[in-house]
Number of protein chains: 2
Amino acid sequence: MMIEIDFNSDEALYMQLRNQIILGIATSQFHEGDVLPSVRALAETVGINMHTVNKAYTVLRQDGFVKVDRRKGAVIAVDMDRAREEDRIEKELRVILASALCRGLSRSDLHRMIDRICDAYDKEEA
Amino acid sequence: MMIEIDFNSDEALYMQLRNQIILGIATSQFHEGDVLPSVRALAETVGINMHTVNKAYTVLRQDGFVKVDRRKGAVIAVDMDRAREEDRIEKELRVILASALCRGLSRSDLHRMIDRICDAYDKEEA
DNA sequence: CCCGCTGTTATAGACTTTGTATAACAGAGG
DNA sequence: CCTCTGTTATACAAAGTCTATAACAGCGGG
């Protein structure tokens, strides 16, 4: 999977990495058990420091998306804690939904948007 | 409207302020034309610095939620630029939806979640 | 057995962001 | 005139981000 960094983004580099890998898992470009590039290799190819990649992997581990094996490296291993996740998701959604509603987006607009994003994931997956 | 700050949150104080005010607009606790507390007053009641409140108001202005009148203060004035907003919303949704799907939440789970949040807003509004 | 790979840790420096603190300014209004 | 409004400037401390070098332990292949 191609991982790209936008150095002009105001989003932290390690968060860009984290998010792209989560997107990769959602679109089945990464599967359970897949091994991510080593921190040094990914740092090299992307053009950033090793520690920045390491921080991304550490966050991914804390968030339950990978398990880190000292010899193999970072392995995709999604922790399925639905209840806890549902709370987190809903909390994050509240603000962004609020701002959408303020702009005049309707509830059905949001549903359509959800479907469009999910469709894009399903398509990429195939 | 009651505005509260969580000093233990890892979210920046000015962003907490910003988000709560957006939530307030979405739930009609703030209406078009309403005047927000002055930067000094809000800073006093919340227990933070004036400049932190000012930054929140500045961000709200940049994001098109308030207009600032030098004599009256910050006034709720939502900028209805749907097209631009739709892009921003969708971009923000992509990552959080991806992480939800990774955890095993289904598309209909997400739809239900959207409805639940919107229902809560409608209810608060009434 | 050593070499090379893995993540991990430590230390240090530069830079940005965040939040606070004081102070002063112009504009508007009672 | 006094007081309220946002705005601006300056300074400072603390935290976060990113880089750079270096070293360590564990494991596996030649």
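Quantities reported herein were computed from a predicted structural model and do not represent experimental measurements. In what follows, chains are A, B, ... by sequence order, proteins preceding strands, each numbered from 1.
In this structure, of D/dG6, C/dG7, C/dG19, it is C/dG7 that holds the atom nearest to the side chain of A/Val39. Residue A/Lys55 has its side chain nearest to D/dT17 when only C/dT18, D/dT17, D/dT7 are considered. For B/Asn49, the side-chain atoms get nearest to C/dT20 when compared with the rest of C/dG7, C/dG19, C/dT20. When each of C/dT18, D/dT5, C/dT8 is scored by its nearest atom to the side-chain atoms of A/Arg70, the top-ranked nucleotide is C/dT8.
Taking 3.5 Å as the limit, the base of C/dG7 and the side chain of A/Arg71 contain no donor-acceptor pair of atoms between them. A donor-acceptor contact under 3.5 Å links the side chain of A/His51 to the base of D/dT21. For D/dT7, its base sits under 3.5 Å from the side chain of B/Arg40 at one donor and acceptor pair at least.
Within the 4.0 Å cut-off from OP1 or OP2 of D/dT19, at least one side-chain nitrogen or oxygen of A/Thr52 is found.
In terms of modelled atom types and a separation under 3.5 Å, the side chain of B/Asp109 and the main chain of B/Ser106 share a donor-acceptor contact.
Between the C1' atom of C/dT6 and the CG atom of A/Asn54 lies a distance of 11 Å, rounded to the nearest Å. For A/Tyr14 and D/dT19, the OH to P distance is 13 Å, given to the nearest whole Å.
Of all heavy-atom pairs between B/Tyr57 and B/Val66, the closest is O-CG2, 4.0 Å.
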